[in-house]
Amino acid sequence: MTQISAPASPFANALPVAVKPVIRHDWSVAEIQAIHDLPLLDLVFRAAEIHRAHNDPADIQRASLLSIKTGGCPEDCAYCPQSAHHKGTGMARERLMPVETVLREAAAAKEAGAHRFCMGAAWRQPKDGPEFDAVLAMVRGVRGLGMEACVTLGMLTPDQARRLAEAGLTSYNHNLDTGPDFYGDIISTRSYADRLTTLENVREAGIGVCCGGIVGMGEGVKDRAAMLQVLANHAPHPESVPINALVAVEGTPLEDQPPVDPLDLVRMCATARIVMPRARVRLSAGRKGLTREAQILCFLAGANSIFYGERLLTTANNETDSDAALLRDIGITVPGLTLAAAE
Ligand code: SAM
Ligand code: DTB
Ligand code: SF4
């Protein structure tokens with residue numbers, strides 16, 4: 001691809017199509033907010049150009065999720081049905097799943113066409129001992145199946161990160177969730193700084209960083225831009241950036257939040273793509289509420305990963321057949337999957 005020099009300003013109206021802007025780590029919140037607030041078609045066009053200059057637009061990652069330890073979490077994240085603080089969710093506390101069960105699920109996800117298997121545990125932080133050893137075995141098992149492995153277990157020590165890296169972990173998910181100013185409205189039991197320390201431990205161990213957030217919790221656009229600023233000013237950028245729309249679960253403090261406007265998700269995906277040109281921008285929770293046209297607009301704007309499989313952690317995700325049909329309709333086939341229900 002022809003390399004054309006970067007524009008003088010990130011707000012220049014007309015970028016040449018083959019432009020490859022420099023990867024920056026010095027964004028201001030105001031700059032990111034100005035990008036976010038561009039007229040929608042300009043924003044999507046700019047994001048699509050940058051996406052195509054840095055990534056293969058036909059490469060949309062499919063990541064399957066499994067809750068390996070559900071419920072009873074001591075943290076008080078206002079959005080989360082797994083927090084023990086939110087008594088009205090009716091969520092049972094379960095033990096860590098056996099390794100063999102997890103690996104059976106991973107094999108089924110691979111069979112259905114997933115590239116990555118992500119395992120989530122409702123912990124503040126993992127305890128060293130048999131449970132952590134079991135998670136290491138899960139990671140080794142998933143890698144042994146030839147899939148990428150990701151876990152999200154809460155805060156990690158440097159030693160735990162090192163052991164996960166040794167087991168072959170591809171990526172660790174630990175979200176900032178929102179911007180630093182709004183964060184305290186959502187979580188009181190763990191600080192923003194705690195989260196940044198875990199991200200540092202993950203990076204230091206050589207594991208890929210998967211870090212993003214949630215829209216629709218009552219935050220302003222400035223908070224969304226502020227979260228993207230923290231992420232984009234990390235060097236290197238996170239390898240994956242999940243953009244979740246709040247799934248407003250009954251019994252959580254955020255149960256009455258109105259649904260996110262799908263175009264807000266398009267804007268977040270596009271802005272994340274522009275400020276982190278090579279990251280995997282994952283259109284994550286809340287995708288079930290989107291029409292296929294809204295999802296396609298997110299892909300055009302640079303989203304290049306989805307959660308794939310009929311469950312997220314505790315809530316429903318899009319059906320596998322309809323995802324396979326959606327991907328087929330934009331020209332991507334999922335190997336080995338028949339589309340009986342989607343025809
Ligand atoms: N306990 C670990 C932690 O929080 O680090 C891992 C699991 S936690 C469920 C992973 C992420 O899922 C959260 O950081 C949040 O961004 C996202 N999440 C949880 N509940 C959600 C909801 N109701 N809607 C959207 N995203 C949600
Ligand atoms: C992420 O950013 N989103 C996923 C994953 N990382 C672990 C979790 C979404 C959870 C949605 C609510 C639920 O199913 O419990
Ligand atoms: Fe616990 Fe994670 Fe849910 Fe927060 S998001 S309550 S840390 S499971």
Side-chain angles (χ1 to χ4, degrees), residues 63-87 89-94 96 116-126 135 149-156 160 171-178 183 186-192 194-199 201-202 209-219 227 231 238 240-257 259-260 265 268 272 279-289 303 305-318:
S64 291
L65 258 179
L66 178 68
S67 180
I68 58 171
K69 195 273 156 207
T70 305
C73 182
E75 303 289 300
D76 68 353
C77 313
Y79 49 76
C80 185
Q82 302 199 66
S83 165
H85 295 256
H86 315 324
K87 306 286 182 213
T89 58
M91 176 79 55
R93 175 200 211 105
E94 291 173 15
L96 182 66
R116 170 176 286 201
F117 196 66
C118 309
M119 297 162 273
W123 287 328
R124 171 175 167 80
Q125 56 196 58
V135 173
C150 179
V151 291
T152 177
L153 314 170
M155 295 186 286
L156 279 192
Q160 289 170 331
S171 183
Y172 193 83
N173 169 241
H174 196 63
N175 288 342
L176 289 174
D177 284 341
T178 189
Y183 181 87
I186 298 298
I187 298 142
S188 77
T189 49
R190 173 196 287 173
S191 71
Y192 215 74
D194 288 336
R195 293 198 185 238
L196 293 170
T197 302
T198 290
L199 294 173
N201 294 341
V202 168
V209 170
C210 172
C211 185
I214 308 178
V215 301
M217 301 189 291
E219 74 288 344
M227 178 186 86
L231 295 174
S240 317
V241 179
I243 304 293
N244 297 277
L246 175 72
V247 181
V249 179
E250 204 182 316
T252 63
L254 300 183
E255 63 182 358
D256 292 327
Q257 279 297 312
V260 172
L265 279 178
M268 272 305 270
R280 279 270 173 207
V281 175
R282 183 169 304 116
L283 181 56
S284 299
R287 194 167 60 83
K288 201 166 168 51
S305 176
I306 54 171
F307 281 128
Y308 176 70
E310 296 178 4
R311 264 195 112 54
L312 294 167
L313 292 174
T314 66
T315 65
N317 192 31
N318 309 51

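First listed ligand is number 1; within each ligand, the first listed atom is number 1.
- Residue-level proximity to ligand 1 for V247 is carried by backbone and side chain together, each with a heavy atom below 4.0 angstrom.
- Below 3.5 Å of separation, one finds no N or O of R195 facing any N or O of ligand 1.
- Between the OG atom in S64 and the CD atom in E310 there is a gap of 10.0 Å [rounded to 0.5 Å].
- For atom 7 (S) of ligand 3, the nearest protein heavy atom is under 4.0 Å away.
- To the nearest 0.5 angstrom, T189 atom OG1 is 6.0 Å from R124 atom CZ.
- Neither the backbone nor the side chain of V249 comes within contact range of ligand 2; no heavy atom lies under 4.0 Å.
- Heavy-atom proximity to C77, at under 4.0 Å, picks out these atoms of ligand 3: 4 (Fe), 5 (S), 6 (S), 7 (S).
- Checked by atom type and distance alone, the side chain of R116 never pairs as donor or acceptor with a backbone atom of C150 at under 3.5 Å.
- Using a 4.5 Å heavy-atom threshold, the side chains of V151 and I68 count as separate.
- Between A121 and ligand 1, at least one N/O pair is under 3.5 Å apart.
- Counting only heavy atoms of the protein, atom 27 (C) of ligand 1 lies nearest to I214 CD1, 3.8 Å.
- Residue contact check: H174 has heavy atoms under 4.0 Å from atoms 5 (O) of ligand 1.
- For the 3.5 Å distance criterion, the side chains of Y79 and D177 qualify, holding a donor opposite an acceptor.
- Contact annotation: the side chain of I187 approaches that of R195 to within less than 4.5 Å [non-hydrogen atoms, C-beta and beyond].
- Those atoms of ligand 2 that come under 4.0 Å of a heavy atom in P242, given as number and element, are 2 (O).
- Here's the thing with T314: one of its N/O atoms is less than 3.5 angstrom from an N/O atom of ligand 2.
- In L313, the parts holding a heavy atom less than 4.0 Å from any atom of ligand 2 are both the side chain and the backbone.
- The shortest side-chain heavy-atom distance between R282 and C210 falls under the 4.5 Å cut-off.
- Residue-ligand proximity: R190 is placed with a non-hydrogen atom under 4.0 Å from ligand 3.
- Between the side chain of S83 and the backbone N or O of E75 there is at least one donor-acceptor pair closer than 3.5 Å.
- Annotation for ligand 1: atoms under 4.0 Å from non-hydrogen atoms of R190 are 3 (C), 4 (O), 5 (O).
- Atoms of ligand 1 found under 4.0 Å from any heavy atom of W123, numbered from 1 in the order shown, are 1 (N).
- S240 and R280 share no side-chain donor-acceptor pair at under 3.5 Å.
- The side-chain heavy atoms of V135 and M119, taken from C-beta on, include no pair separated by under 4.5 Å.
- Close approach of ligand 1 to L313 is summarised as follows: ligand atoms under 4.0 Å from at least one heavy atom of the residue are 9 (C).
- Here the CG-CG distance, from L65 to L313, works out to 5.0 Å after rounding to the nearest 0.5 Å.
- Counting protein heavy atoms only, atom 6 (C) of ligand 1 is closest to T152 OG1, 3.0 Å.
- When only interatomic distances are considered, the shortest N/O to N/O separation between N173 and ligand 1 does not fall below 3.5 Å.
- Counting backbone and side-chain atoms alike, C73 contributes no N/O/S atom closer than 2.8 Å to atom 3 (Fe) of ligand 3.
- In terms of polar-atom proximity, defined here as any N/O pair under 3.5 Å, N244 does make such a contact with ligand 2.
- The protein heavy-atom contact nearest to atom 6 (N) of ligand 2 is N173 OD1, 3.1 Å.
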- Query: Checking side chain to side chain donor-acceptor pair (under 3.5 Å) for the pair D194/T197: CA distance, chi angles, key distance, verdict?
  - Reply: CA-CA 5 Å; D194 288 336; T197 302; 5.6 Å; no
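- Look at F307 and you'll find a heavy atom under 4.0 Å from some atom of ligand 2.
- One N or O on the side chain of Y172 and one on the backbone of L153 form a donor-acceptor pair closer than 3.5 Å.
- For the atom pair NE2 of H86 and CG of L254, the computed distance is 7.5 Å after rounding to the nearest 0.5 Å.
- Each of the following atoms of ligand 3 lies closer than 4.0 Å to a heavy atom of A122: 8 (S).
- Residue Q82 has no nitrogen or oxygen atom sitting less than 3.5 Å from a nitrogen or oxygen atom of ligand 1, judged on distance alone.
- The distance from the SG atom of C211 to the NE2 atom of H174 is 7.5 Å, given to the nearest 0.5 Å.
- Closest to atom 11 (C) of ligand 1, if we only count protein heavy atoms, is N175 ND2, 3.7 Å.
- For atom 13 (C) of ligand 1, the nearest non-hydrogen atom of the protein is Y79 OH, 3.6 Å.
- Those atoms of ligand 2 that come under 4.0 Å of a heavy atom in N175, given as number and element, are 1 (C), 2 (O).
- At a heavy-atom distance under 4.0 Å, no atom of R124 approaches ligand 3.
- At a threshold of 4.5 Å between non-hydrogen side-chain atoms, the residues M268 and M227 count as touching.
- Contacts with ligand 1 closer than 4.0 Å are made by no heavy atom of S284, backbone or side chain.
- Counting protein heavy atoms only, atom 11 (C) of ligand 2 is closest to A285 CB, 3.9 Å.
- Here's the thing with T315: one of its N/O atoms is less than 3.5 angstrom from an N/O atom of ligand 2.
- Which parts of ligand 1 touch D177 is read off a 4.0 Å heavy-atom cut-off, strictly below it: atoms 13 (C), 14 (O), 15 (C), 16 (O).
- Side chain of N175 to main chain of G213: no donor-acceptor pair is present (N/O by atom type, distance under 3.5 Å, no hydrogens or angles).
- For the atom pair CD (Q257) and CE (M217), the distance works out to 9.0 Å, reported to the nearest 0.5 Å.
- Here T152 has side-chain heavy atoms under 4.0 Å from ligand 2, and that is the only part of it that gets that close.
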